[in-house]
2 protein chains.
Amino acid sequence: MHPNLLDQLRVFQAVVEGGSFAAAARALGRAVSAISYAINALEEQLAFQVFDRSTYRVSLTPEGQALLNDAEILLRRAERWEARARSLREKVEAVLPLIADPSYPEGFLVDALKKFEAQYPLVTITVRRAESEEVVRAVREEEFPLGIMLLDHGRQWDGIDGRQVAADKIALVAAPDHPLAQIEGAFPLAELENHRQIHLHSGAFDIRAFDYRVHRTDVWGVDTQSALRMMIEEGLGWGFMPEETARPAIEAGRLVHLNCDGIAQPSLRRFAAVWTTRHPPGKAGEALVASLLRDEEPVPA
Amino acid sequence: MHPNLLDQLRVFQAVVEGGSFAAAARALGRAVSAISYAINALEEQLAFQVFDRSTYRVSLTPEGQALLNDAEILLRRAERWEARARSLREKVEAVLPLIADPSYPEGFLVDALKKFEAQYPLVTITVRRAESEEVVRAVREEEFPLGIMLLDHGRQWDGIDGRQVAADKIALVAAPDHPLAQIEGAFPLAELENHRQIHLHSGAFDIRAFDYRVHRTDVWGVDTQSALRMMIEEGLGWGFMPEETARPAIEAGRLVHLNCDGIAQPSLRRFAAVWTTRHPPGKAGEALVASLLRDEEPVPA
DNA sequence: ATGAACAATCGAATTATTTGAACGAGAAAG
DNA sequence: CTTTCTCGTTCAAATAATTCGATTGTTCAT
């Protein structure tokens, strides 16, 4: 009434691979009669034969042949279960939700996930993008075990631990035919406020609260870096953009650097991976943080 | 040493769903101690707890939570195995390879497979297209259990059984600017031979052997109906095409009917599903043949 | 013909699972 | 604060599932 299907299927597979009950018995380290018993029990459940015993060497019946595929699929799933159990035993997370500031370059993220996936193919990653303020909140309240945020001063770090993982240079850019691009020499910071900024944000929050770089109310917001680039290229406004993302467009003549007095050009922006001290990342989280680390660019003090 | 993992997972799932060991015991019709035993055995295998017993109502540990997904996947796979076994018990094929003449309209096939899939979602269909002569051979030699071929006279039917499943009208067409389309009134059959025919065939065989409609050596062959239509539309030659396939193109003015003395216009073409008398189709094969049957169009004697 | 390899079968032994009863602990009701 | 209910664990006994080794009859290769 309670046959061990998985074990029967393992026997089934071993017989098919070995070509005989005896070979399967040797391979599994059991007596031949145990193999015979298991196959008979399987066939009794199925109510039909999977092996044809009329021949000297047992051979698969058409039904057995048809079942072989499904048996292997089920066994592979069972192996996956074992692998998952082993993972959890070693404190590897099964799912790893990540919340990251939208200004963290997508390319960085993709690079990291590619490296990570090679090590932990079983771990399911989900990514949500939200402003750094929201990242801190979500991590602190343990909605997300891991976050990526801008490394700013003046934030509250109680209960939060983290490490800097990347830095990029941020460029002030506009389209070549934008009025700001026509100005000879450097222009004052105030001049920026006479033109529309295109600003990266996630639609859900009040943009004024989250970026000191927003200088005036004439701001258009978009929620992906590709949309930001497109809108600036179309001359709809000026904006800040990661050097790396902007470079191809600048080389292609679709964007230019702006020369503004008040803004160091290009200015440095640093990102940190963060988590709570109470629930530090497990093995997979550690590996992800290690993958996020970009040591190509030297990190200034 | 040989725990019944699937059973343990069923218990695990029942406890999660019921919220308590007692509820699971009631749901599964077993004693509470059996539930306790099963979960303990599972946890011993895993080497960690899946339920937190410190609370009054048992609750999932984070590890248990993580495993729930995988457990359900594995159980669903096991159910699929049961379903497949049930199918085979009722003589439903697991795979159903089909070999069909390339002139059998793709639309007919898609319609049939859509109906079939609703009844037998577990059955894997594979389709190969080959000339009717090859279909007969492959079915006779049991390389394919089921074939679809042109219903012609003069073939050898020993050991082959079958039934007519569809008929379509076949039209003689060319592009509007083709020389044949410029002729006033009907032209003789011989005139066809002065122009190139575009002919549907599967590349592997000598085309002369397989279609009595091939009238001369200036024949270009293509292996899909869409390619045939395109080439005729481009004015590369004349050809035979199913009325239904041709109609939209004729209405759009991209093709015209040709008026030829020697060819009944449009002429009727009939298709049959065939199998060997020795191995008639099983349940799934029968259902597929039934799905192939198109009774919209009256079948003439 | 003969020996080697194979699979089915049987009874005994072993292992896995179930049961019911006894127990202690938390929760809910009085 | 006690009573009562439900809960999960534990234990020993019972049952079911699986394994083993020995025996038998078969087919294959020599």
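Per chain, numbering begins at 1; letters A, B, ... match sequence-line order. Because the structure is predicted, anything quoted here is derived from the model rather than measured.
Between the CD atom of A:Gln45 and the C1' atom of D:dA16 there is a distance of 13 Å, rounded to whole Å. A straight line from CZ of B:Arg30 to P of D:dT15 spans 18 Å, rounded to a whole angstrom. Rounded to whole Å, atom C1' of D:dG8 lies 10 Å from atom CG of B:Asn40. Across the protein-nucleic acid pair, A:Asp7 atom CG and D:dT19 atom C1' stand 11 Å apart, rounded to whole Å. We find that OH of A:Tyr37 is positioned 17 Å from P of D:dG21, with the value rounded to whole Å. A straight line from CZ of B:Arg57 to P of D:dG8 spans 8 Å, rounded to a whole angstrom. Atoms OH (A:Tyr56) and C1' (D:dT30) sit 13 Å apart, rounded to a whole Å. Rounded to a whole Å, the CD atom of B:Gln49 is 12 Å from the C1' atom of D:dT9.
Within 4.0 Å of B:Asn4, counting heavy atoms only, lie sugar-phosphate atoms of the nucleic acid but no base atom. Backbone-only engagement by A:Ala22 is indicated by non-hydrogen atom pairs under 4.0 Å involving sugar-phosphate atoms exclusively.
In this structure, the side chains of B:Phe144 and B:Val274 stay at 4.5 Å or more apart for every pair of heavy atoms. Side chains of B:Thr61 and B:Phe51 form no contact here, defined as non-hydrogen atoms less than 4.5 Å apart. Considering only heavy atoms from C-beta on, B:Val50 stays 4.5 Å or farther from B:Val15 through its side chain. Between B:Pro3 and B:Leu42, every side-chain heavy-atom pair lies at or beyond the 4.5 Å cut-off.
Note: A:Glu286 CD to A:Gln119 CD = 11.0 Å, rounded to the nearest 0.5 Å.
Closest of all the heavy-atom pairs between A:Glu142 and A:Thr276 is OE2-OG1, 3.1 Å.
Residues A:Ser132 and A:Asp101 have side chains that bring a donor and an acceptor to within less than 3.5 angstrom of each other.
The backbone N or O of B:Gly159 sits less than 3.5 Å from a side-chain atom of B:Thr277, completing a donor-acceptor pair.
Checking the phosphate oxygens (OP1, OP2) of D:dT9, a side-chain nitrogen or oxygen of B:Arg53 falls inside 4.0 Å.
Among D:dT18, D:dT9, D:dT10, the nucleotide with an atom closest to any side-chain atom of B:Phe21 is D:dT9.
Each of B:Ser36 and A:Leu5 was matched to the nucleotide of DNA chain D holding its nearest heavy atom; the match closer to the 5' end belongs to B:Ser36. Residues A:His2 and A:Thr55 each lie close to DNA chain D; by heavy-atom proximity, the contact nearer the 5' end of the strand is made by A:His2.
On the nucleic acid side, DNA chain C has its first and last nucleotide under 4.0 Å of a heavy atom of chain B at C:dA16 to C:dA27, going 5' to 3'.
Note on residues 79-100 of chain B: pairs passing side-chain hydrogen bond (donor to acceptor under 3.5 Å, both in side chains), not counting sequence neighbours, are A:Asp70-B:Arg84.
Checked by distance alone, B:Ser33 brings no side-chain donor or acceptor within 3.5 Å of a matching partner on the base of D:dG8.
The C1' atoms of five pairs define one axis at each end of the helix from C:dA1-D:dT30 to C:dG30-D:dC1, and these two axes lie 30° apart (to 10°).
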Next on the checklist: As a quick check of understanding, evaluate side chain to side chain contact (heavy atoms under 4.5 Å, CB included) for A:Val165 and A:Arg163, giving each step before the final call.
Outcome noted: CA-CA 6 Å; A:Val165 290; A:Arg163 70 162 301 172; 4.2 Å; yes
